[in-house]
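Heads up: the structure comes next, in structure tokens.
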Amino acid sequence: SGGRVVIVGGGYGGATAARYLKRMNPDLTVTLIEPQDAYLSCPGSNETIAGLGDGEALVRSYDWLQQELDIRKVTAKVARLERSRRQVVLQDGAEVPYDRLVLSPGIDFRWDAIEGYDEAASRIAPHAWKAGPQTALLARQIRSMPDGGLVLITAPPNPYRCPPGPYERASLIACYLKKHKPRSKVLILDAKTRFSKQPAFEQAWRELYGDMVEWISSEKQGRLERVDAAARTVETEFDTFRADVLNVIPPQKAGLLADQSGLTDSSGWCPVDPLSFASVYDPAVHVIGDACQPGPMPKSAFSANSQAKVCAAAIVASLAGEPPAEPLLINHCYSFVASDQAISITGVYGYSPDERQLTIRSSGETPPHGDRRQEANHARAWQRSFRKDVFG
Ligand code: FAD
């Protein structure tokens, strides 16, 4: 056998790693551990919330990875890692041994960061920042909101999953409201003073939605101090806002398992060597996707996919006693601003030996007056090819 690689988390990072490990070395025994029978995609979920697609479109099956690629899928949650013995321990106590471990557990929320906003509160005022019941709940609330109502979205501080996501969500909700409840408003209360693709978002909002979408910088409102989910109110340092639909996107950190396994630093994310995505704390454990923090790369499905390929190649090399190749990584992220209009941002990241970190080699984004209809066509094509690349 070529070695045993275990992957924890069957999202965009983990599923890509599984596929590419097997493709680069068919002799590897590759095990993918994920509690869900099928993965639920966050990309596309803002469209579901705005009534532009149904929840079924977010489901990704593991059948192809299992049947075509001979990847062993274990449907279970990992309870803990025994890193000194190189064992993964499942919730039922079963152990799975590894030579190399890939962790792609995604994010968890900092439930202690905003007074009044804990997991119970999220069942009333959803975050919808993990796909599934939260997506459906926010979609229902938007649908049953009265015309003339206020949708309030709180956007988190950096770094967090999908930097342009809150603004895409605001755009698509406005797209729905303009058609069905035209006296309503979308307000974004931000923990930041600027945001991803800001010039292109703001131009699209002006052109498409007039004053329906409003963004308030933290410079103006200060800190988000308190949330009352039942009353649907949000208090900042200077004001209180009452919403009809309240969508709180809380501050984030690496998925709990990474935290509990001693793989995070004081930032709450996992520091890695970007040549291989090996944890700086354990060379046999690689962390990819949202949970890791490799320099300036944003947390996106595209980044997770790019990192998974670099990580897979480095693992195959290391099991053969070879050093990793120098990587070049890409992120290219589309945001829909209406059902048929989109904008995008691109970054290319290379390894800088001096800093032992990734640095930006080139970048670009849709200009405020870019061709948003053409970008929407590109975005649809990307969605199709990306899905195929990861889940077949
Ligand atoms: P995930 O995809 O979250 O996968 C993690 C997996 O790990 C989960 O399936 C989970 O069940 C599993 N897991 C966690 N803990 C355990 C455990 N203990 N044991 C076993 N399994 C475990 N990105 C883009 O590139 N383009 C987009 O258009 C885009 N749109 C987005 C829109 C929204 C609204 C949101 C919220 C995000 C969007 N993203 C987008 C970001 C993208 O969803 C994430 O960056 C991506 O999913 C990260 O992949 P991951 O593998 O790190 O984590």
Side-chain angles (χ1 to χ4, degrees), residues 6-18 31-50 58 60 62 73-81 88-91 96 102-109 126-132 134-135 138 153 155-156 159-170 172-173 196 247 249 252 254-261 269-270 277 287-293 297-308 311 330-336 342-346 379-380 382-383 386-387 390-391:
V6 172
I7 299 158
V8 179
Y12 283 106
T16 306
T31 306
L32 179 63
I33 309 178
E34 158 67 49
Q36 304 181 93
D37 285 322
Y39 177 69
L40 298 174
S41 173
C42 280
S45 66
N46 283 334
E47 290 171 89
T48 306
I49 288 163
L58 305 178
R60 305 283 179 270
Y62 293 109
K73 159 93 177 7
V74 175
T75 303
K77 189 171 175 180
V78 171
R80 62 177 198 281
L81 308 180
V88 169
V89 185
L90 307 183
Q91 241 172 1
V96 186
V102 180
L103 285 190
S104 193
I107 55 155
D108 265 294
F109 301 108
H127 52 75
W129 221 240
K130 290 188 182 185
Q134 284 275 309
T135 315
L138 184 56
I153 300 173
Y160 62 99
R161 156 177 288 181
C162 196
Y167 316 96
E168 177 189 67
R169 178 172 288 174
L172 291 177
I173 290 174
S196 175
N247 172 208
I249 306 169
Q252 295 159 31
L256 273 184
L257 180 68
D259 211 7
Q260 290 162 349
S261 308
W269 306 99
C270 300
F277 286 82
V287 188
I288 57 173
D290 290 351
C292 75
Q293 192 59 55
M297 266 193 110
K299 300 184 185 303
S300 71
F302 202 117
S303 292
N305 174 270
S306 199
Q307 293 163 2
C311 173
I330 302 175
N331 175 58
H332 185 70
C333 184
Y334 290 102
S335 300
F336 279 88
I343 58 178
S344 66
I345 191 164
T346 308
R380 296 280 175 227
W382 172 76
Q383 285 174 338
F386 187 69
R387 176 181 185 156
V390 183
F391 291 98

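All ligand and atom numbering here is 1-based and tracks the order in the structure. Numbering starts at 1 and runs along the sequence shown.
- Heavy-atom separations between A291 and ligand 1 are all 4.0 Å or longer.
- Annotation: Y12 is not in aromatic contact with F302 [ring centroid separation under 6.0 Å not met].
- In plain terms, the two heavy atoms of R161 and G106 that are nearest each other are NH2-CA, 3.8 Å.
- Ligand 1 lies out of reach of G255, whose nearest heavy atom is not under 4.0 Å from it.
- When atom types are taken as modelled, the side chain of S104 and the backbone of G9 share no donor-acceptor pair closer than 3.5 angstrom.
- The option from S104, P166, S261, C292 that lies nearest to atom 51 (O) of ligand 1, judged by heavy atoms, is S104.
- Summary of contacts: the protein heavy atom closest to atom 7 (O) of ligand 1 is G9 CA, 3.2 Å.
- The SG atom of C270 sits 9.5 Å away from the CD atom of Q293 when rounded to the nearest 0.5 Å.
- The shortest heavy-atom contact between A379 and Y334 is CB-CG, 3.6 Å.
- Scanning all heavy atoms of the two residues, the minimum distance from A50 to I173 falls at CB-N, 4.0 Å.
- Atom 43 (O) of ligand 1 has as its closest protein heavy atom C42 CB, 3.2 Å.
- Every residue meeting the side-chain hydrogen bond (donor to acceptor under 3.5 Å, both in side chains) condition with Y167, not counting sequence neighbours, appears here in chain and number order: D190, K192.
- With sequence neighbours excluded, the residues forming a salt bridge (charged side-chain N to carboxylate O under 4.0 Å, His left out) with K130 are D108, listed by chain and number.
- The atoms of ligand 1 that sit less than 4.0 Å from any heavy atom of N46 are 34 (C).
- Comparing heavy-atom distances from atom 2 (O) of ligand 1 across W382, Y39, F386 singles out Y39 as nearest.
- For atom 25 (O) of ligand 1, the choice among F336, Y160, F302, Y334 with the nearest heavy atom turns out to be F302.
- Residue contacts with ligand 1 do not include Q383, since none of its heavy atoms lies under 4.0 Å from the ligand.
- If you take CG on L172 and CG on N46, they are separated by 6.0 Å, rounding to the nearest 0.5 Å.
- Only the backbone of K299 comes within contact range of ligand 1, with a heavy atom under 4.0 Å; no side-chain atom does.
- Nearest non-hydrogen protein atom to atom 4 (O) of ligand 1 is G11 CA, 3.3 Å.
- The closest non-hydrogen atom to atom 20 (C) of ligand 1, taken over G132, G106, P35, C333, comes from P35.
- With a 4.0 Å heavy-atom cut-off, ligand 1 is reached by the backbone of I33 but not by any atom from C-beta on.
- Close approach of ligand 1 to R169 (heavy-atom distance below 4.0 Å) involves ligand atoms 34 (C).
- With hydrogens and angles disregarded, no donor-acceptor distance shorter than 3.5 Å links the side chain of Q91 to the backbone of A79.
- The structure places CG of D290 at 8.5 Å from SG of C42, a figure rounded to the nearest 0.5 Å.
- A distance-only check finds no donor-acceptor pair linking the side chain of Y62 to the backbone of L32 [under 3.5 Å].
- Proximity of D290 to ligand 1, defined as any heavy-atom pair under 4.0 Å, is shared by backbone and side chain alike.
- Near S45, the atoms of ligand 1 lying under 4.0 angstrom from a non-hydrogen atom of the residue are 34 (C).
- In R380, the CZ atom is crowded: over 12 heavy atoms of neighbouring residues, nucleotides or ligands sit closer than 6.0 Å.
- When P105, P43, A38 are ranked by how near their heavy atoms come to atom 40 (C) of ligand 1, first place goes to P43.
- Here's the thing with W129: none of its N/O atoms is less than 3.5 angstrom from an N/O atom of ligand 1.
- For K130, no heavy-atom contact with ligand 1 is shorter than 4.0 Å.
- Side-chain atoms of Q134 do not come within 3.5 Å of backbone N or O of P126 as any donor-acceptor pair.
- Ligand 1 has no N or O atom lying under 3.5 Å from any N or O atom of A304, backbone or side chain.
- At a heavy-atom distance under 4.0 Å, atoms from both the backbone and the side chain of V78 approach ligand 1.
- Listed by number with element, the atoms of ligand 1 under 4.0 angstrom from any heavy atom of E34 are 6 (C), 7 (O), 8 (C), 9 (O), 10 (C), 11 (O), 12 (C).
- Residue Q36 has at least one heavy-atom neighbour below 4.0 Å for each of these atoms of ligand 1: 9 (O), 11 (O).
- We find the OG1-CG distance between T346 and N331 to be 7.5 Å, quoted to the nearest 0.5 Å.
- For atom 16 (C) of ligand 1, the closest non-hydrogen atom of the protein is V8 CG1, 4.5 Å.
- The closest protein non-hydrogen atom to atom 42 (C) of ligand 1 is A301 N, 3.6 Å.
- The shortest contact between atom 1 (P) of ligand 1 and any protein heavy atom is with R161 NH2, 3.5 Å.
- Set against the non-hydrogen atoms of G289, the atoms of ligand 1 under 4.0 Å away are 52 (O).
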